[in-house]
Amino acid sequence: MSEARLLAAGETIEAPVRRPARGSLRPLLLGFLLPVGAAILWEIAVRTGLAQGRLAPPPSKIAATLSELAANGDLWLHARATLARVAAGFALGVLAGTLFGALAGASRVARALLDPTLQGLRAIPSIAWAPLFILWLGIFETSKVALIAVGVALPIYLGTLGAILAVDRKIIEVGRSFRLSGFALARRILLPAVLPHYVIALRSGLGLGWMFVVAAEFMGASEGLGYLLVDAQQLGKPAQMIAAILVFAVLGKTTDALLVAAVAPFLRWQDTMANTEA
Amino acid sequence: MLTFEHVSKTYATGAQALDDICLGVEEAEIVAVIGASGCGKSTLLRLAAGLDRASGGRIRVDGDEVAAPHPAIGIVFQEPRLFAWLTVAQNVAFSIAHLPRRDREARVAVALEGVGLADHADRWPRALSGGQAQRIALARALVARPRALLLDEPFSALDAFTRADLQDQLLALWADARPTLLLVTHDIEEALVLADRVVVMRPHPGRIAAILKIEAARPRDRLAQEFEELKREALRVLGLGRSAAA
């Protein structure tokens, strides 16, 4: 039985946060329930002849394709090629997007100059850029990385700008009242204040990077997961198609999870839904 | 030590917030500024804090003209405005980050003791109640040892119990270093409990209507007969006696 007592002056009780213990498997297991369940059902359907396994191969066939690709080294070859392109494009895109976003956020003139153009560019779908970039930059790596960089830069520009414009004037004033220089104000107050918003922009940029790499690899690649997809289409190998898509999903999710994990220690302080009761 | 010499402020929209304000605040004096909404009392404080510039006249602190935030002047706002990404201790240490670690930690410890929140040093601001957060804001302003502290309705967002408690705490903190206090409030009782002088302002445009001098020694007992009389007198002077609809 818990005892009731009056709190001493200044004493507080923090409500116990009911979050699954760190490293708890429960949310992870629940997450797998749907895809694994669907896969099992599909396997059973094909095995018992309820469904045709030609256009939508059962998981066993897909697993076989994957292990074959892994065995002859192709899987790593293609995955690595795609990953390298995403990494390079993402790095460039983050740099450009953050730079322009910060510029537009800091200066009204810069914003007036840059924003309309960049907003216009954002409206252009990824595939539309590909032929132009190939024309300008050739069909090898440069055009692909450039395409991904453009795709990543624009949402990051938007997110960075939005994050800066959303900073509460009130805490900036506190910094001013302590006579912080412009640079110190940006480093000690602006930067931490925009971080949560900026991380969201980074994640969406990364997601778009994965999207753009497919477009890039469709338009003439000799290796990569997108190439595997096109190759599977041309040779009529649905299992390979789905295998490639699966690897995309895994890599995409893993890179996103890595990003989230990398920034998590800097966002422990947040007073949001994510940090309270699960 | 803090003087307002013919200070006026007109905004770009044409609205005149302040008209020819002349006021001198002595060393270690506590001055409260009260008045209806729109009388310019918060504007007055912001000008003294250097966050806005006066359209006319000048403000001086110890002879220096105030045109930008001045090192001798600190300010506490109506909201705590704590930095959510820093712990309580880090918030309090914000303005003295340039000091060597030992001095910094010592000063922060003293400041937190002063507001009674020493055991909350490693908490995040999100874990604090409104009153606690405002106390930390106070500690953060005081740790820089300002010679004058401006307070813009610091307790108006809090409930009556917390407000009375924080008024007492403010007096206790003031008794230590005796900075000059310029406090804007809409709570007449608060002004009477704390201040040596009460400046009454009227709006449209904002100007000083009256200055009440309060002789009674502090701490003033809110329950005492004397205080009741003081309040009665103040309300009379303010013209807030019987309501107009009679």
Side-chain angles (χ1 to χ4, degrees), chain A residues 6-19 108 163-164 166-200 202 262-278, chain B residues 45-46 48-52 68-88 90-91 93-98 112-113 115-120 122-129 131-133 135 137 140-141 143-144 146 149-150 152 161-162 165 168-169:
Chain A
L6 289 176
L7 296 176
E11 194 183 344
T12 51
I13 296 178
E14 227 178 311
V17 174
R18 248 191 267 113
R19 207 185 290 138
R108 199 160 291 173
I164 292 175
V167 172
D168 194 352
R169 173 184 66 91
K170 295 195 171 98
I171 56 168
I172 298 285
E173 273 187 351
V174 175
R176 284 178 61 206
S177 78
F178 286 129
R179 297 171 316 284
L180 256 54
S181 69
F183 181 68
L185 209 65
R187 183 177 61 89
R188 297 181 69 188
I189 297 181
L190 204 68
L191 215 66
V194 302
L195 199 64
H197 203 141
Y198 182 65
V199 166
I200 292 174
L202 284 181
V263 294
F266 299 100
L267 296 176
R268 277 179 306 147
W269 50 266
Q270 275 193 282
D271 187 17
T272 56
M273 297 284 286
N275 282 33
T276 51
E277 205 165 345
Chain B
L45 224 64
R46 287 181 61 85
L51 294 173
D52 279 330
H70 193 278
I73 300 180
I75 181 165
V76 175
F77 299 94
Q78 193 173 345
E79 320 82 14
R81 303 193 188 185
L82 299 181
F83 301 120
W85 58 88
L86 297 178
T87 62
V88 161
Q90 288 168 337
N91 261 284
F94 190 78
S95 61
I96 54 172
H98 54 276
L112 284 176
E113 279 290 341
V115 293
L117 290 171
D119 50 350
H120 283 60
D122 295 319
R123 286 268 182 86
W124 296 111
R126 68 171 186 240
L128 301 174
S129 71
Q132 291 173 324
R135 278 146 73 188
R140 181 175 62 179
V143 86
L149 185 64
L150 310 171
D152 190 0
F161 310 103
T162 315
D165 188 32
D168 295 338
Q169 286 207 7

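The shown structure was predicted, so the numbers you read here are calculated from the model rather than taken from an experiment. Proteins come first, then strands; the chains are lettered A, B, ... in the order of their sequence lines, and each starts at number 1.
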When you measure from the side chain of B:Arg126 to the backbone of A:Gln270, do you find a donor-acceptor pair of N or O atoms at a distance under 3.5 Å?
yes
Distance under 6.0 Å and angle within 45° of the ring axis: does A:Arg188 meet both against A:Phe183?
no
Tell me if a side-chain donor or acceptor on A:Glu173 pairs with a main-chain N or O of A:Lys170 at a distance below 3.5 Å.
no
Need one label for B:Pro71: side chain, backbone, both or neither, based on atoms under 4.5 Å from any heavy atom in chain A.
both
Side chain, backbone, both or neither of B:Ala84 within contact of chain A (heavy atoms, under 4.5 Å):
both
Check each atom of B:Leu128 against the heavy atoms of chain A and say whether the ones under 4.5 Å are side chain, backbone, both or neither.
neither
If I measure from the heavy atoms of chain B, does A:Ile189 come under 4.5 Å with its side chain, its backbone, both, or neither?
both
Determine yes or no for a side-chain-to-main-chain donor-acceptor pair under 3.5 angstrom, with B:Asp152 supplying the side chain and B:Phe77 the backbone.
no
Taking B:Asp52's backbone N and O only, do any of them form a donor-acceptor pair with B:Arg46's side chain (distance below 3.5 Å, no angle check)?
no
Side chain, backbone, both or neither: which part of B:Phe94 has a heavy atom under 4.5 Å from chain A?
both
